[in-house]
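Read through the structure below, which is laid out as structure tokens, and then see the notes.
Each chain gets a letter, A, B and so on, in the order the sequences are listed, and its residues count up from 1.
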Amino acid sequence: MASHGLTYEGCNFLRQRLVLSTLSGKRVKIKNIRSKDDEPGLRDFEASFIRLLDKVTNGSTIEINQTGTVLVYQPGLLYGGTVEHDCNPQRSVGYYLEALLMLGPFMKSPLKATLRGVTNDLTDPTVDLLKSTALPVMKKFGIDGEGFDIKVRTSWYSRGMAPGGGGEVVFTCPVRKTVRPVQLTDPGKIKRIRGVAYSVRVSPQMGNRIVESARGILNQFLPDIYIYTDHMKGANSGKSPGFGLTLVAETLNGCFLSAEMSSTPQGQGDPILPEDLGRNCAKLLLEEIYRGGCVDSSNQSLALLLMTLGQQDVSKVLLGPLSPYTIEFLRHIRDFFQIMFKIEVQKPLEDERKGGDKVLMTCVGVGYSNISKTLK
Amino acid sequence: MDGKVKKQKPHQQKHSGPKAEKKKLKKQNGSTEEDERKRNPKAFAVQSAVRMAKTFHRAQDIKTKKHHVPVVDRTPLEPPPIVIVVVGPPKVGKSTLIRCLIKNFTRQKLTDICGPVTIVSGKKRRLTFMECNNDINSMIDLAKVADLVLMLIDASFGFEMETFEFLNICQVHGFPRIMGVLTHLDAFKNNKTLRKTKKNLKHRFWTEVYQGAKLFYLSGMVYGEYQNQEVKNLGRFISVMKFRPLVWQTSHPYVLADRIEDLTDPERLRTDPKCDRTVSLYGYLRGTHLKNKGQVHIPGVGDFQMSDVNFLPDPCPLPGTQKKRALNEKERLLYAPMAGVGGVVYDKDAVYIDLPANHVKQLQEEVRPTTELVQSLIETHVTLDAKMAASKVSLFSGSAGLDPTDISEQSGVQEGLREIHVWDPHTQTQRRKVVFTGDEEEENDVSGSSSDEDDDGSDSDQENQEEDDDLSTFLKEARAKSEKATRGSTPPVKKPKLEEMKGEKEVVTEAPAFADSEDELEKSEADSEGEGEAERAGDSGHCSKESEEDSEEEEEDGDDESMEEEIGADDSDEEEEQGTLKWKEGLQQKASAAFLRHQEAAPNLRKLVYGSVVEAEDSEEEEEEELGGLFRVNRPQKSKRVQANALDCSHFNPDISHNWDLEEMLNSIRDCFVTGQWEEGQDAATLLKEDEELYGDFEDLETGKVHKGVTGEQDQAEKSESDEADDEDQQVKMDDEEVQKNKRLEKKRRLKERFDTEYDDGDATYFDDLKEEMQKQAELNRAEFEDMDDESRVQYEGFRPGMYVRLEISSLPCEFVTNFDPHYPIIIGGLGTSEGNVGYLQMRLKKHRWYERILKTRDPLILSLGWRRFQTIPLYHIEDHNGRHRLLKYTPQHMHCGASIWGPITPQGTGFLAVQSVSGVKANFRIAATGVVLDLDKSVTIVKKLKLIGYPYKIFQNTCFIKGMFNTVLEVAKFEGASIRTVSGIRGQIKKALSTPPGAFRATFEDRLLMSDIVFLRSWYPVSIPQLYNPITSLLLPVGQKDMWSGMRTVGQLKHDLGVRNKPSIDSLYKPITRAPRHFNPLHIPKELQKALPFKSKPKLLQPKGKVPRDLKRASVIREPHERKVAELLRALSTVHHHKKKVAQRAHHAKHKEFLQQKEKDEEAKMKRMKDARKKLYRIMGQKDQKKQRSSLKGTPQDD
């Protein structure tokens, strides 16, 4: 067997590389991970991610050198099943969940992952956001059925803000053999906006203040806005105080665009007023709507991955401007699957008031089939 | 005689009379069925509802059975040639059949069939014939790529084992179309036996394939060929045949190579003849899209990474779409490079021209390697000059300054032409291919271009470096030239273009084509006046597409202008390939214009995404293809360094975000909401209006108000489009007729659509919906990339099936080239994602019912799975009721069992077959087992039973100390709580380890043990699968021994070969049985018991009789003679007396018997009498009673 590994440098886009490596079965070697840094090598959260990957796969080998600057990953088969993982609180659960969303449908047995740690923070997409946007995207690709859910609220505690964490999320995902090609070229018009304003270990009034200010901006466009306030106390509230807002706009064709914002973690940076947060988050949503597309910016890579892994048919998705993360993801897809996307820019018409340029991504799937699934 | 044959009276049609009338009536009425029904309704009435329901169900069942799961139709517009594999045992007439079919389709004779032969058989169909030799390796490989199998059967002999083997191979690897062909039918002299044989063979064939499978009969030979009419019929059958896509074939790209070239550096070959070869393989791409740089498997060789793929002009194109029925002579193309028939053969950097066969006499007797490849290999290191030239070029790629060509050019010593000896197997002659050494200069002189192309030194040098084949520098010029010439007319039929350079006297067949290109050449000459860039672009046309891409990207980063031209050249690649430098210029401008248009539509986003990636790859591949330092761009690399360790986050927070406080910003997204303005077609108001128009007036039932349609006569207008005036009135604002008409048409269309959906919905089943969905997807697939040029299309969807591709593989073992035999198929099978990995596979396996022996666990077995053939060590197992996989020593006779192997990862559901050896020919059926892959896993769960045995050494009541089962305390500790059992079935449990002796433990049982009991612990021990994966490298074996591959031997074979006898264990040997005589002790009964016993049961303790005392003994009497006489007489008398007595007794007995009978008779008579008397008496009594009763009923008698 000819070795067909891929080599990368730096810890950037580590998740993409490992996830794509697992899906394509190609060995990947990552060199020079923070080699020039004061603290060289992998960070704790990356190690935690690798450990999670090890839990959901079977037979994968991971070699890390002494300093942690070189990582060699030989993927095994995706196994799934019931997995429990304590995520490192340096990054939120969303960091881990994004990868699991990509891997989940291609496991041997349905995945039931319980992730503990920080559920909401500033850097990563929060669990609420993924629940309301990533799942509908996957449903469009035929990954659906009972037990396809992200649950934030479990028996004893749920939300955990940065830096303390202490939240718990359960992600369950059914197994699919193949993924359906999609044609998402028309996002449709936004019919409603929903949202969750959450607050833990702070005054319950915070939520209402956020909602008020966010509505103030969004009401100019649409009357159908409903923002839930979700206040947690006691055991349910995790270890750190904080608050935040997640907004989701749903279109007539079932596309979801979202924006979110959370308060700065306790003891880090300037504190933010809930009114400002609400207003800024609403503006972020407007920005997202301006970008447009059938898939919002944080799930672009997920949609593109599922297109790539589809049948050998043409899939099309209309996206907003590609984020740098997505651009890198496209390159990685090319490396791992030899798939190139046809990228067409759709400029808005003169008299149209539908935001900025859109990008129509077209590709032919690789004809991926879930080789982990057992045939009975 | 034949002239006098009496002609039969023709049938006379009646034109009048009752019969004619009847017929006429019948014709007029058409079907009488209706009439019948009307006339005799009872006959058509429902007789039985149950029966009707049954028939209906049956009809529905049959209907549903016909359904297949619909699949998306992914067949390309121009499909690849259909692979027809001709199979059969040796001497059955395979080559003859192929020859006849080729002659039938192309009117050409092909004497030697080696390798695939591609022909154009019709306007829309091409065929590739491949002969399958009698080797199980070839049979397996070809069954995987065949679209149609012509299965030749020698009818005079009957079926042979190969036929059945091949059928079974086909069944496992998806069932291609199979058509049987019976040959040697002329061997039957008797017509009846012929018919009988045909029938028998046909029915056996049907049971194997399917009922009604087509079986062809080729009756006899005429001059060594089959009869024309029969071949023609067969050909017709082939050309109209339809195929159902097979799963494996449609999900994997594959190429049946019809031509191979060795591209290895001759200098390397000289220094190290065993070095890995760089080989380019050519063939039609089949199956599905092929991605560049993907992994492939070549059955019989191994797994390889393709270093480069590009597509070439079709050597055997379909005729154009003219409206005529038959093909003309020129369009009946034949392409078989391995057989030496190729016409003009294109390479990326050379052109090979073949001469028609009739030019040279054939010398078949001479035994030479039959392929140009092998011959060229032999010939590569003939002359020192050639070697020198070769070394020169390799130097050239190293550094331009040391270029000896330049030196020789300067000195002017070098002659104009050089030659490469090429063996042309078709003509069986040594042919010299022309090679231009003074290329650039000469070429420039000829084409009239100024010599500044060469002056643009760095550019052209770079290009030269890109060529990995050192000869290419020379060849490409020749190629360019000849291509230009041949391009005029598409079919690359033999066109000797280089004849003047070759110096051979060859006939020019195609003058007009040349003239055409001359025109173009002149035209383009005018355009190009010394554009150095053009030459560069022209050259890069020959280099691999990938490197072309790379250089393109580089240039773009450098300067825009050149980039555009470059890509323009790239886009118009096909044209480029033909052309000279001059000629290209015009095209280039056109293409660049086209490209600009293209660019405008898609600005640099593609570059942004994929551009820098190409750069990154470049740096990786620097060692291989040195592109020259000029165009390397460092910027992306630098920026990469910076962000190499950046935060890994999917959030997209742009630096410049819009100011959402401004009203204009807010306005810019107004239409994204339902509250915003809608499109023309979707606006609520317009939709409502249209709805009204559609349905006209309606009545609101709640209010009882009647709404009149806006246009009352609209419906009418729909029916008759001529109602212009009415419409005019209704349409208030629009007076334009055109607009109205369009609107009306639109409305009509929508009405029809709505009606269709409503109407069809009733019938539309799930199946129909699914089919429609697939149809839509197929259309989309077709349409999406249709208007794109192939070059960019290939990047998006990969190389599509039907293309003629050239695959370059850089590290093939040298035996592949040196031992090349065109009779063996070379298949390049593409591998899907992660199919290149090795892992554990769980499969369901069944021993083939025709295979005579059962298979043993851990015996090496050869599997054919996916593209691969490999040897591996399977472990057989069976699933217990609790889901445990228990190891089996042997496969069951007639049952499925599980098998686990270490092998290549292959998708579940793929079938496989197993053989024990692929070498030699055996009389028996060779396919040992078949099965299917169930599961892929990285861990194995097979267990085998392990019994640990111990002995009790101390027994308390139910507790027992047991030793000998374990060796240490730790081992016992591991098994604490485990259940154990004795042989006699007493169950127990391990409790705790004892300190001494080590390994002993305390256990409790449900009953008391004996010291003689044996205790055992039943456990399951996981078995590891041996990691043997040994691909069969049959193609690397020397010519003539390709079917002799042998891998790992089984233990049995090894012992047999080495003469090792198994030493049996002493215990299992048979020994004479010696039994000690059994001794039983006497039964002892206590005295007390004896006393209590009844006499019957009391032991009879009699003293043995002692000796009789003398006084008790009787003396014997010795008689006197007289006494003796007396005694004698007395004995005689008594005997007589006895006899008399006996006789008398007998007589008495008889008499008594008689008497008894008589007595019985009398008794009977007496009884009868008495009975009668009694009867009489009773009757009288009865009568009396009756009388009495009657009288009592009457009343008291008077007389009382």
Side-chain angles (χ1 to χ4, degrees), chain A residues 1-2 4 9-15 24-25 34 37 58-59 76-77 98 123-125 181 189-191 220-222 283 286-287 289-290 292 297-298 301 312-314 323 325 327 330-331 334 337-338 340 342-345 352-355 359 362 364 366-369 371-375, chain B residues 72 74 251 288-289 291-295 303-305 601-603 605-606 608-610 613 643-652 657-658 660 666-676 777 780-781 784 795-797 832-834 836-839 905 907-909 934-939:
Chain A
M1 292 267 150
H4 44 271
E9 284 197 17
C11 68
N12 203 9
F13 308 110
L14 179 85
R15 278 184 302 168
S24 69
R34 300 197 183 89
D37 219 41
N58 179 14
L77 285 171
E98 272 185 314
T123 46
D124 287 301
K189 290 189 185 299
I190 292 164
K191 61 177 178 184
Q220 304 175 52
F221 294 100
L222 208 64
K283 282 177 186 170
L286 295 185
E287 177 76 35
I289 290 167
Y290 179 80
S297 61
S298 55
S301 48
Q312 296 202 316
D313 291 319
V314 171
S323 70
Y325 188 79
I327 289 175
L330 285 171
R331 292 176 190 155
R334 196 184 125 130
F337 290 103
Q338 282 98 37
M340 257 175 87
K342 186 165 124 190
I343 304 169
E344 290 164 310
V345 173
E352 252 184 353
R353 296 179 298 174
K354 285 187 163 184
V359 184
T362 311
V364 181
V366 284
Y368 186 85
S369 74
I371 54 165
S372 312
K373 201 166 174 248
T374 311
L375 189 75
Chain B
V72 180
R74 298 200 181 94
S251 58
T288 176
H289 297 290
K291 301 275 181 320
N292 204 346
K293 312 250 178 216
Q295 263 217 315
D303 276 21
F304 299 98
Q305 186 106 28
L605 202 52
R606 208 195 113 208
L608 178 74
V609 175
Y610 292 118
V613 174
Q643 44 161 271
N645 290 321
L647 188 74
D648 179 12
C649 173
S650 64
H651 257 312
F652 182 24
S657 102
H658 301 98
W660 288 104
L666 296 179
N667 276 335
S668 69
I669 57 166
R670 286 248 179 242
D671 287 349
C672 293
F673 297 89
V674 279
T675 50
Q777 184 68 50
L780 184 73
N781 291 354
E784 184 58 35
Q795 290 188 335
Y796 293 129
E797 40 165 35
T833 45
S834 73
N837 294 348
V838 194
I905 298 285
Q908 319 91 319
L934 290 184
D935 196 7
L936 311 156
D937 208 336
K938 291 283 182 179
S939 55

Under 4.5 Å to a heavy atom of chain A? For B:I905 that would be side chain
Shortest non-hydrogen contact from B:T675 toward A:F221: OG1-O, 2.6 Å
Can you tell me if A:S298 uses its side chain to pair, donor with acceptor, with the backbone of B:S650 under 3.5 Å? no
A:Q312, part contacting chain B, at a heavy-atom distance under 4.5 Å: both
Tell me, for A:S372 versus chain B, whether the close heavy atoms (under 4.5 Å) come from the side chain, the backbone, both or neither. backbone
For A:P181 against B:Q777, the heavy-atom pair lying closest together: CG-OE1, 3.6 Å
Please test A:V366 against B:H289 for side-chain contact (heavy atoms from CB on, under 4.5 Å), starting from the C-alpha separation and ending with a verdict. CA-CA 9 Å; A:V366 284; B:H289 297 290; over 6 Å; no
Grab the two heavy atoms, one from B:E784 and one from A:K342, that are nearest each other, plus how far apart they are. OE2-NZ, 3.0 Å
Among A:K283, A:K191, A:Q220, which has the most heavy-atom pairs under 4.5 Å with chain B? A:K283
If the plane angle is over 60° it's perpendicular, under 30° parallel, otherwise tilted; pick one for A:Y290 and B:W660. perpendicular
Given the options A:I190, A:L14, A:D124, which has more heavy-atom pairs under 4.5 Å with chain B than any of the others? A:I190
When heavy-atom pairs shorter than 4.5 Å are enumerated against chain A, which of B:G832, B:S251, B:S834 gives the highest number? B:S834
Any idea which of A:C11, A:G292, A:G59 has the most non-hydrogen atom pairs under 4.5 angstrom with chain B? A:C11
Which heavy atom of B:C672 sits nearest a heavy atom of A:I289, and at what distance? CB-CG2, 3.7 Å
Of all heavy-atom pairs linking A:R334 and B:Y610, the shortest is CD-CD2, 3.5 Å
B:R74 and A:D313: CA distance, side-chain angles, deciding distance, side-chain contact (heavy atoms from CB on, under 4.5 Å) verdict: CA-CA 8 Å; B:R74 298 200 181 94; A:D313 291 319; 3.0 Å; yes
Can you give me the closest heavy-atom contact between A:R15 and B:C649, atom names plus distance? NH2-CA, 4.0 Å
Sort out for me which of A:L286, A:L222, A:V364 touches chain B most, counting heavy-atom pairs under 4.5 Å. A:L286
